[in-house]
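Heavy-atom basis, side chains included; hydrogens, waters and symmetry copies ignored. Just follow the structure's listing: the first ligand is 1, and inside any ligand the first atom is 1.
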Amino acid sequence: MKVASIVGARPNFVKLAPVSREVRRRFDEVIIHTGQHYNYEMDKVFFNDMGIPAPDYHLGVGSGSHGHQTGEMLRKVEEAIMLEKPDVVLVFGDTNSTLAGALAAAKLHINVAHVEAGLRSYDKNMPEEINRVLVDHCSDLLLCPTKTAVENLKIEGIKRNVYLTGDVMVDAQRDCAKIAENKSRILADLDIEPKDYCLATIHRASNTDDPDKFRAIIEALEELGDIVFPCHPRAEKYLRQFGLWDDLNRRARVIKPVGYFDMLMLEKNAKKILTDSGGVQKEAYLLGIPCITLRDETEWVETVADGWNVLVGSSKEKIVQLARHFEPSQERHDVFGKGDASIKTAELIEKLVCGSLD
Ligand code: UD1
Ligand code: UDP
């Protein structure tokens, strides 16, 4: 039995790592890398840190407009799948690589399994929301990280082959926590002390590509001062374009994106986390770090309901106020599962192919 895992961007790699390990215990796996992300620190560092096997195919698609990028991926993923003839194509999350993989496989009548199915922000201006909806609607196996995700699918009439697995990022974090602790030197390299800084990540197009919103967020970071900011290439591009780069560098620790081990250590030791990333909101919750989300809505509603995450959009005043004063008031719960999502994923894929799903 053969599984083809399609990945291309940073959050895909983090989710692939624990799943690939479990998949390989049971089946042959080929990894098809679209090349959506390609800088060492956005790509290879995750394969190295997390022990992900080297991709069998590297399609080298790179950056471009949505249509161009997704179209190139679709064409090239289809070729790879036709050569490999897998029983299942496995896709992760909500990137353009996820959409291309799912669409190529569905049109070839190959089973599509979607890890992180059912997430919704209900904001169609978000490219990821389009990807999620389309991928879920052409998937044969929907692997949901949360109960909310299962309910979201129900509302859209998707009830068949929907399973609550928990979140594979719990598994990823658990697998790497100890090694990160031993291997990462990031705090020493940056000469920072635990709980002496806030960690910021910003890369959502709705923030970076809008000069007014991005300026307001950056002004808030500058006012806060004690910020470490691993800067996504998209954010760097627009910071330079909008003339914000030099001032920000004077007032905050702007660094290149970091590998997974360094990121876990930066997250764990932060006073607070300010982010527009989906994955980082979740990791903040799992680590018990208060999170200030630089968006108006989130797919990870459980983190907000539990009082550990607060949505502030791009208002400078709100960001500063909450970064200084927000304190979670409630206990955290087991909302993302117990760290066995990858095992459940591999078991369900096996049942899908054998025709023995309940
Ligand atoms: C993509 C995903 C987003 C995810 C993010 C994770 C889509 C639609 N978006 O957004 O869901 O949260 O990845 O990081 O799939 N660039 C480089 N080097 C790289 C990668 C990107 O310089 O290795 C620059 C290029 O200028 C590129 C821009 O970043 O145009 C955006 O990259 P792209 O992959 O299109 O989208 P992301 O913003 O990274
Ligand atoms: N991440 C990382 N280094 C960074 C920024 C993020 O290792 O400099 C990790 C982060 O810990 C999480 C994943 O990348 O596991 C999230 O990806 P990202 O924020 O790019 O995308 P999103 O989750 O928003 O789709």
Side-chain angles (χ1 to χ4, degrees), residues 7-18 33-46 48-50 60-70 72-73 91-101 116 119 121 125-132 134-135 145 167-173 175-177 180 184 186 199-209 228-238 240-241 254-268 270 273 275-284 286-287 289 293-295 298-300:
V7 290
R10 179 167 70 184
N12 301 148
F13 309 141
V14 173
K15 290 160 202 162
L16 170 66
H33 187 322
T34 63
Q36 178 173 352
H37 286 176
Y38 43 86
N39 291 357
Y40 173 80
E41 61 276 4
M42 296 295 292
D43 172 17
K44 193 101 198 315
V45 68
F46 293 91
N48 294 346
D49 273 9
M50 304 182 88
V61 171
S63 305
S65 67
H66 284 279
H68 179 86
Q69 189 184 52
T70 314
E72 281 296 288
M73 289 175 188
V91 295
F92 304 81
D94 55 15
T95 66
N96 286 348
S97 300
T98 317
L99 175 61
E116 210 178 78
L119 270 286
S121 64
N125 287 319
M126 216 183 158
E128 294 83 357
E129 182 74 358
I130 312 276
N131 294 344
R132 290 174 195 134
L134 295 177
V135 171
D167 198 308
V168 299
M169 286 180 69
V170 176
D171 311 18
Q173 203 182 67
D175 292 348
C176 292
S184 171
I186 189 78
L199 177 68
T201 81
I202 306 158
H203 72 273
R204 288 261 95 79
S206 56
N207 283 330
T208 57
D209 303 15
V228 174
F229 177 15
C231 187
H232 187 288
R234 173 183 215 108
E236 176 169 347
K237 182 169 104 183
Y238 285 102
R240 290 185 187 279
Q241 195 170 310
V254 185
I255 58 176
K256 277 188 173 301
V258 294
Y260 189 62
F261 293 160
D262 287 342
M263 188 63 180
L264 286 184
M265 294 311 288
L266 284 175
E267 287 174 337
K268 183 181 165 196
I273 293 179
T275 192
D276 58 11
S277 155
V280 175
Q281 286 174 66
K282 231 175 347 185
E283 287 167 347
L286 294 170
L287 291 165
I289 310 297
T293 292
L294 310 167
R295 288 177 50 192
T298 181
E299 309 77 44
W300 304 106

Legend entry - From Cys231, Cys176, Ser277 - option closest to atom 19 (O) of ligand 2 by heavy atom: Ser277
Inset, instruction - Go through ligand 2 atom by atom and flag the ones less than 4.0 Å from a non-hydrogen atom of Tyr260. - result: 7 (O), 15 (O)
Inset, instruction - Identify, chain by chain and in numerical order, each protein residue with a heavy atom under 4.0 Å from an atom of ligand 1. - result: Arg10, Pro11, Gln36, His37, Tyr38, Asn39, Met42, Ser63, His66, Gln69, Asp94, Thr95, Asn96, Glu128, His203, Arg204, His232, Pro233, Arg234, Lys237
Legend entry - Test item: Asp49 side-chain N/O and Tyr260 main-chain N/O as donor-acceptor pair under 3.5 Å: yes
Inset, instruction - Using distance alone, decide if ligand 2 has a nitrogen or oxygen within less than 3.5 Å of any nitrogen or oxygen in Arg10. - result: yes
Legend entry - Donor-acceptor pair between Thr98 and Asn131 side chains, under 3.5 angstrom: no
Inset, instruction - Before accepting this row, confirm whether a basic side-chain N of the pair Glu236/Arg240 lies closer than 4.0 Å to the acidic partner's carboxylate O. - result: yes
Legend entry - ligand 2 to Asp94 polar contact by distance, N or O atoms, under 3.5 Å: no
Inset, instruction - May I ask you to list the atoms of ligand 2 that are less than 4.0 angstrom from any heavy atom of Pro230? - result: 8 (O)
Legend entry - Point-to-point distance, once rounded to the nearest 0.5 Å, from SG of Cys231 to NZ of Lys237: 12.5 Å
Inset, instruction - Would you kindly specify which portion of Met169 sits under 4.0 Å from ligand 2, judged on non-hydrogen atoms: side chain, backbone, both or neither? - result: side chain
Inset, instruction - Identify, by atom number and element, the atoms of ligand 2 in contact range of Glu267, meaning under 4.0 Å from any of its heavy atoms. - result: 11 (O)
Inset, instruction - Please state which part of Val14 comes within less than 4.0 Å of ligand 2, counting heavy atoms only: side chain, backbone, both or neither. - result: side chain
Inset, instruction - Report the residues that fulfil ring-ring contact (aromatic ring centres under 6.0 Å, His included) with His37, sequence neighbours left out, ordered by chain and then residue number. - result: His232
Legend entry - Location of contacts on His203 toward ligand 2, heavy atoms closer than 4.0 Å: side chain
Legend entry - Per-atom contacts of ligand 2 with Gly259, taking only distances under 4.0 Å to non-hydrogen atoms: 7 (O)
Inset, instruction - Would you mind checking which non-hydrogen protein atom is closest to atom 15 (O) of ligand 2, with the distance to 0.1 Å? - result: Glu283 OE2, 2.6 Å
Inset, instruction - Say whether Val258, considering both its backbone and side-chain N or O atoms, lies within less than 3.5 Å of an N or O atom on ligand 2. - result: yes
Legend entry - ligand 2 contact on His232 by region, counting heavy-atom pairs under 4.0 Å: neither
Inset, instruction - Under 4.0 Å from a heavy atom of Pro257: give me the atoms of ligand 2 that qualify, with their elements. - result: 8 (O)
Legend entry - Nearest-0.5 Å distance that lies between atom OG1 in Thr201 and atom CG in Leu266: 11.0 Å
Inset, instruction - Output the list of atoms in ligand 2 that are nearer than 4.0 Å to some heavy atom of Gly279, sorted by atom number. - result: 22 (P), 23 (O)
